[in-house]
Participant: 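The structure that follows is given in the form of structure tokens.
Note: hydrogens, waters and symmetry copies are ignored here, and every other heavy atom, side chains too, is used.
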Amino acid sequence: MQVNPQQLLDDGFIILPQVVPPEQLDSLRATYETIVERQHRIWAGELDWDVPVAMDYKPKQPRVVLSAVVDAATADTVDFSLHDHTLGVSRQLMQAPDAAPVGMFLMSNPATDHGPDPWHRDVVPDRLAPLRGLQADMLANAPGYVQWNIPLYDDDVLWVVPGSHRRANTAEEERLLTENARAPLPGGVQVRLKAGDGVVYSNLILHWPSDYSTKLRRTIHLGYRSFGGALYPYDTHFYWDLGFTKHLSPASRAQFERFAQLGAQERDRIETLFRAMLAKDAATFRETLALLHPGETGRMVAVVLLSKKAAQIRALKRPEIASLPRNDRAVAVGDQRVSLYLLEDLAGRFSPEETELLWQRFAPLDARLQDATAHPTPGFQGNESRYVSNEMPANFGVDDFITGWDESA
Ligand SMILES: [Fe+2]
């Protein structure tokens, strides 16, 4: 399947017919139903499964984490995330040599009506870089992350504001979202998908889950990140680990092993970069940053994203967090239970003292990312944040960041 990457950059989303090959629709519906039933039995406490339920059960949008409940008889659900129409298209759109599924989910309907959710962009200011930085990075280098909804039954829950992935909220949007974030926005478009069609989009776009009703919903929800593209993606989690791949065919398993290797290679680079910072070795820092983010434009966004990782591994070292059970540890550092092992792998490479020193190197940047007078911006996710939601620090580039190390020990 051929797509035009420019269309995603222009509009923020692309609707594609027959992402599920028609001859596969019935069988995928059947295997997904098996998975949904299994998940409901796990949620009801009637069934133990080898992987704990990965994410909190959301009553309004019950979500199945595929890797947590798949078995050999339902492995076609995972194989579909490796299909040319999903993985292949994602790789084209991200213009990268490699792409990997970050998360493989199924969104299903709730048992009772929950109505509309708020309009939002999938941006948590505490965890990512300011929106305008993420957007500029994407527009200069191609997206490093794309997200999909692929319904197995007709689905028009999702709305988007075309083009809003390229800009901040307008003043009118701010006003309307503040009044009522659960109503149509000017220019908003309902994404009407027939069974088997798909929409692939930048999750920086203003989007709206317009109705969590009891109407049958079985919508495959996939996220992909790039590897080897021009930028460092803002979503580097895998919401899976290799354990689940024992259920897959050898060919599919080999693909996931390769994705895990690419992730491990990236963490090695991050370690090298952090160690260069500890040693105030600017040359190695620049070299490694250019490996993580080859595009010249937007490197500072990568530095901001890496500062968030440094903050997370620092938090993991705090005794009161380190001693928590895994799920609570993940929540405390803003991660997910299934992906925490990746962060802990990185954290395990540094002593508590190194982690503190690393944070001192990031502190001048972190201070510039905060604004004590900031008021909550509508359309963002997460709790009220002291971090600026829209604008990157002005006049503060990689050179300034490196110069700032001299202010620390
Ligand atoms: Fe969202």
Participant: For the backbone of Val19 and the side chain of His85, can you confirm whether one donor and one acceptor N or O come within less than 3.5 Å of each other?
Facilitator: yes

Participant: Report the residues that fulfil side-chain hydrogen bond (donor to acceptor under 3.5 Å, both in side chains) with Ser81, sequence neighbours left out, ordered by chain and then residue number.
Facilitator: none

Participant: Could you tell me whether Glu33 and Arg38 make a salt bridge, using a distance below 4.0 angstrom between a side-chain N and a carboxylate O?
Facilitator: no

Participant: Consider only side-chain N and O atoms of Thr31 and Asp76, and report whether a donor and an acceptor are under 3.5 Å apart.
Facilitator: yes

Participant: Which residues satisfy the side chain to side chain contact (heavy atoms under 4.5 Å, CB included) test with Gln95, sequence neighbours excluded?
Facilitator: Pro5, Ala142

Participant: Please identify each residue that fulfils ring-ring contact (aromatic ring centres under 6.0 Å, His included) with Tyr145, with sequence neighbours left out.
Facilitator: Tyr234

Participant: When you measure from the centre of the six-membered ring of Tyr224, is the NZ or CZ of Arg91 closer than 6.0 Å and no more than 45° off the axis?
Facilitator: no

Participant: How long is the straight-line distance from CG of Leu185 back to OG of Ser164, given to the nearest 0.5 Å?
Facilitator: 8.5 Å

Participant: Do any N or O atoms from the side chain of Arg166 and from the backbone of Leu9 form a donor-acceptor pair under 3.5 angstrom?
Facilitator: yes

Participant: Keeping the roles fixed (side chain from Thr284, backbone from Asp281), state whether a donor-acceptor pair exists under 3.5 Å.
Facilitator: no

Participant: Kindly indicate whether the side chain of Val64, heavy atoms from C-beta on, has any atom under 4.5 Å from the side chain of Val69.
Facilitator: yes

Participant: Where do Tyr201 and Leu158 land on the side-chain contact (heavy atoms from CB on, under 4.5 Å) test, with the steps shown first?
Facilitator: CA-CA 11 Å; Tyr201 54 102; Leu158 181 72; 4.3 Å; yes

Participant: Hey, is the main chain of Ala99 close enough, under 3.5 Å, to the side chain of Ser90 for a donor-acceptor pair?
Facilitator: no

Participant: Please enumerate all residues that pass side chain to side chain contact (heavy atoms under 4.5 Å, CB included) together with Asp84, with sequence neighbours excluded.
Facilitator: Met1

Participant: Contact between Leu365 and Met300 at the side-chain level, heavy atoms closer than 4.5 Å - yes or no?
Facilitator: yes

Participant: Of all residues at least two apart in sequence or in a different chain, which pass the ring-ring contact (aromatic ring centres under 6.0 Å, His included) check with His237?
Facilitator: Tyr239

Participant: List in chain and number order the residues that pass side chain to side chain contact (heavy atoms under 4.5 Å, CB included) with Glu354, two or more places apart in sequence or in another chain; answer none if no residue qualifies.
Facilitator: Arg275, Leu278, Phe350, Ser351

Participant: Measuring from atom CZ of Arg167 to atom CG of Leu206, what distance do you get when rounded to the nearest 0.5 angstrom?
Facilitator: 6.5 Å

Participant: I want to check something: taking the side chain as every heavy atom from C-beta on, are Trp148 and Ile220 in contact at a cut-off of under 4.5 Å?
Facilitator: no

Participant: Does Val124 have any side chain to side chain contact (heavy atoms under 4.5 Å, CB included) partners at least two apart in sequence or in another chain, and if so, which?
Facilitator: Asp126, Arg127, Gln381

Participant: Write out all pairs satisfying salt bridge (charged side-chain N to carboxylate O under 4.0 Å, His left out) with one or both partners inside residues 256-269, taking only residues at least two apart or from two chains.
Facilitator: Asp98-Arg258, Arg225-Glu266, Arg267-Asp345, Asp268-Arg349

Participant: Run the numbers on Glu356 and Lys317 for salt bridge (charged side-chain N to carboxylate O under 4.0 Å, His left out), then give the verdict.
Facilitator: CA-CA 9 Å; Glu356 284 304 316; Lys317 300 282 183 192; over 6 Å; no

Participant: Check whether Arg192 reaches the backbone of Asp156 with its side chain - one donor and one acceptor, N or O, closer than 3.5 Å.
Facilitator: no

Participant: Above 12 or not: heavy atoms from other molecules or residues under 6.0 Å from CD of Glu174?
Facilitator: yes

Participant: side-chain contact (heavy atoms from CB on, under 4.5 Å) for Leu358 and Met277? Distances and angles first, verdict last.
Facilitator: CA-CA 7 Å; Leu358 182 65; Met277 288 177 64; 4.1 Å; yes

Participant: Evaluate the side chain to side chain donor-acceptor pair (under 3.5 Å) criterion for residues Asp155 and Thr219: first the C-alpha distance (whole Å), next the side-chain angles of each, then the deciding distance (0.1 Å), finally the verdict.
Facilitator: CA-CA 8 Å; Asp155 183 339; Thr219 294; 2.6 Å; yes

Participant: Could you give all pairs that pass the salt bridge (charged side-chain N to carboxylate O under 4.0 Å, His left out) test and reach residues 104-116, with sequence neighbours left out?
Facilitator: none

Participant: Can you name the residues that form a ring-ring contact (aromatic ring centres under 6.0 Å, His included) with Trp359, not counting sequence neighbours?
Facilitator: none

Participant: Judged by atom type as modelled, is there a donor-acceptor pair below 3.5 Å linking the side chain of Arg329 to the main-chain atoms of Ile321?
Facilitator: no

Participant: Which atom pair, heavy atoms only, marks the closest approach of Leu324 to Ala332?
Facilitator: CD1-CB, 4.2 Å

Participant: If I compare all heavy atoms of Thr178 with all of Pro378, which pair ends up nearest, and what's the gap?
Facilitator: OG1-CG, 3.6 Å

Participant: Please identify each residue that fulfils side-chain hydrogen bond (donor to acceptor under 3.5 Å, both in side chains) with Glu179, with sequence neighbours left out.
Facilitator: Arg175

Participant: I'd like to know if the side chain of Ser108 reaches the main chain of Arg217, judged simply by a donor and an acceptor atom lying under 3.5 Å from each other, with no hydrogens or angles considered.
Facilitator: no

Participant: For Val304 and Leu128, which heavy atoms make the closest approach, and how far apart are they?
Facilitator: CG1-O, 4.3 Å

Participant: With a 4.5 Å heavy-atom cut-off, do Pro97 and Phe227 have their side chains touching?
Facilitator: no

Participant: Using a distance-only test with no angle check, is there a side-chain donor-acceptor pair under 3.5 angstrom linking Asp400 and Thr403?
Facilitator: no

Participant: How about Tyr212 and Asn109: do any of their side-chain heavy atoms sit closer than 4.5 Å?
Facilitator: no

Participant: What do the steps show when you test Ile35 against Thr77 for side-chain contact (heavy atoms from CB on, under 4.5 Å), and what is the final call?
Facilitator: CA-CA 9 Å; Ile35 279 193; Thr77 56; 3.8 Å; yes

Participant: Quick one: does Asp117's side chain get under 4.5 Å of His207's, heavy atoms only?
Facilitator: no

Participant: Which of parallel (below 30°), tilted (30 to 60°) and perpendicular (above 60°) describes Trp240 and Phe244?
Facilitator: perpendicular

Participant: Over all heavy atoms of both residues, which pair between Ala75 and Val70 is shortest? Give the atoms and the distance, please.
Facilitator: CA-CG2, 3.9 Å

Participant: Would you please indicate yes or no on a ring centroid separation below 6.0 angstrom for Trp405 and Phe362?
Facilitator: no

Participant: With the threshold set at 4.0 Å, does a side-chain nitrogen-carboxylate oxygen contact exist between Arg386 and Asp371?
Facilitator: no

Participant: With heavy-atom distances below 4.5 Å as the criterion, would you say the side chains of Pro233 and Met94 are in contact?
Facilitator: no

Participant: Are Asp399 and Arg286 within salt-bridge range, i.e. N to O under 4.0 Å?
Facilitator: yes

Participant: Could you tell me if the side chain of Leu93 sits less than 4.5 Å from the side chain of Val3, heavy atoms only?
Facilitator: yes

Participant: Mind checking what makes side-chain hydrogen bond (donor to acceptor under 3.5 Å, both in side chains) contact with Lys308, not counting sequence neighbours?
Facilitator: none

Participant: When the ring planes of Phe396 and Phe401 are compared, do they come out parallel, tilted or perpendicular, using 30° and 60° as the limits?
Facilitator: perpendicular

Participant: Between His293 and Asp137, do the side chains contain an N or O donor and an N or O acceptor separated by less than 3.5 Å?
Facilitator: yes

Participant: As a quick check of understanding, evaluate side-chain contact (heavy atoms from CB on, under 4.5 Å) for Met107 and Asn149, giving each step before the final call.
Facilitator: CA-CA 9 Å; Met107 304 188 289; Asn149 290 3; 3.6 Å; yes

Participant: Leu82 and Pro101: which non-hydrogen atoms are nearest, and at how many Å?
Facilitator: CD2-CG, 4.3 Å

Participant: Distance-only, no hydrogens or angles: does the Arg121 side chain make a donor-acceptor pair with backbone N or O of Leu204 under 3.5 Å?
Facilitator: yes

